[in-house]
Amino acid sequence: MKKIQYAAFLFAFGLFIFSSPLQAQYQNLTKSDSAKTHEQVGQVERISPSKKSKKKVNRIFFGGGIGGGYSTYNSYIQITPIVGYRLTQKIQIGTRLTYMHQWYQDVYGKKYNSDIYGGSLFLRYFFWKLLYVQTEYEILSVPDYYSADANATRTINSLFAGLGFMQQIGGSSFLTVSVLYNFLDDRYSPYSNPLIRVGFGVGL
């Protein structure tokens, strides 16, 4: 009986001695794998933002144009700075300031020089590549040539709608050409229908 107990003791002691290095080795491997896993997670965390980073979009843009018109009784030059914002890749909104110097000749041959100024809000929707539809509402202060008061002015409203084309000309710069029709045209309007606008802009 004592021999059996002694043999069992030796077997248990030997099993303990033999299993200790294996356990230590297992713990080292576990720590090493854990460290590698943590390092890999850290690498993923560091790399992920660069993979998910997107090309910077120029949301704000500004620009404008210089234009003019000529007819038998009415001629003008115009300066129109604009500031706009890209809501999405297809939708743009913005505001346009307008200053215009006009030469006008009435039916009796009398000539007038006047300054016209105002502002507008516009909306553009790109329906196919670089082509867009545009609507614009404008308010202008114009001279009242039909008044007995030579300094009289009146406020006119214009509602434009039409088509346009945008072309990139390098970097964030672009060129726009629009053909718009004024649906609130009246005899005080300085514009002729249709209105053709050419402008330049740059994104920020």
Can you find a side-chain donor-acceptor pair between Y137 and N157 that sits under 3.5 Å?
yes

Separation between OG1 (T176) and CD (Q134), nearest 0.5 Å, reads 8.0 Å

For D115 and H101, indicate whether the former's side chain and the latter's backbone hold a donor-acceptor pair under 3.5 Å.
no

Correct closest heavy-atom pair for S120 and T95 would be O-OG1, 3.0 Å

Between CG of L130 and CZ of F165, what distance do you get to the nearest 0.5 Å?
5.5 Å

So, taking the atom named OG in S158 and the one named CG in L184, what distance separates them when rounded to the nearest 0.5 Å?
6.5 Å

Do I156 and L195 sit in one hydrophobic cluster, given that two such residues count as connected whenever their side-chain heavy atoms are within less than 4.5 Å of each other, even indirectly?
yes

With a 4.5 Å limit on heavy-atom distance, are the side chains of Q102 and P143 in contact?
yes

Please confirm whether the backbone N or O of L121 pairs with a side-chain atom of R96, one donor and one acceptor, at under 3.5 Å?
no

Between V198 and V179, is there shared hydrophobic-cluster membership here, with clusters defined by ILVMFWY side-chain heavy atoms closer than 4.5 Å?
no

Report, as yes or no, whether the 6.0 Å neighbourhood of atom OH on Y99 holds more than 12 heavy atoms from other residues, nucleotides or ligands.
yes

When rounded to the nearest 0.5 angstrom, what is the spacing between CG in L159 and CG in N182?
7.5 Å

Please identify each residue that fulfils ring-ring contact (aromatic ring centres under 6.0 Å, His included) with F183, with sequence neighbours left out.
Y181

Check: Y191 and F160 side chains under 4.5 Å, non-hydrogen atoms
yes

Just by distance, no angles: are the side chains of E138 and T98 close enough, under 3.5 Å, to form a donor-acceptor pair?
yes

Would a single hydrophobic cluster contain both V202 and Y85, if residues Ile, Leu, Val, Met, Phe, Trp and Tyr are joined by side-chain heavy-atom contacts under 4.5 Å?
yes

Test of understanding: with ring-ring contact (aromatic ring centres under 6.0 Å, His included), list the residues that count as partners of F126, not counting sequence neighbours.
Y132

Show the numbers, then the answer: is there a salt bridge (Lys or Arg N to Asp or Glu O under 4.0 Å) between R197 and E136?
CA-CA 13 Å; R197 282 183 180 159; E136 183 172 347; 2.6 Å; yes

Taking the side chain as every heavy atom from C-beta outward, state whether K90 and R124 have any atom pair closer than 4.5 Å.
no

Given the rule that I, L, V, M, F, W and Y join up when any side-chain heavy atoms are under 4.5 Å apart, are L97 and L123 in one cluster?
no

Does the side chain of M166 come within less than 4.5 Å of K129's, by heavy atoms?
no

Rounded at 0.5 Å granularity, tell me how far CZ in F200 sits from CZ in F61.
15.5 Å

Nearest-0.5 Å distance, OG of residue S189 to CG of residue L140
7.5 Å

Please report the closest heavy-atom contact between M100 and P190, naming both atoms and the distance.
SD-CB, 3.6 Å

Tell me whether L163 shares a hydrophobic cluster with I93, the cluster being built from Ile, Leu, Val, Met, Phe, Trp, Tyr side chains joined at under 4.5 Å.
yes

The side chain to side chain contact (heavy atoms under 4.5 Å, CB included) partners of N151 (sequence neighbours excluded) come to D149

So, the side chain of T153 versus the backbone of S141: is there a donor-acceptor pair under 3.5 Å, distance only?
no

Scanning both residues in full, the closest heavy-atom pair of I82 with G64 reads CG1-N, 3.8 Å

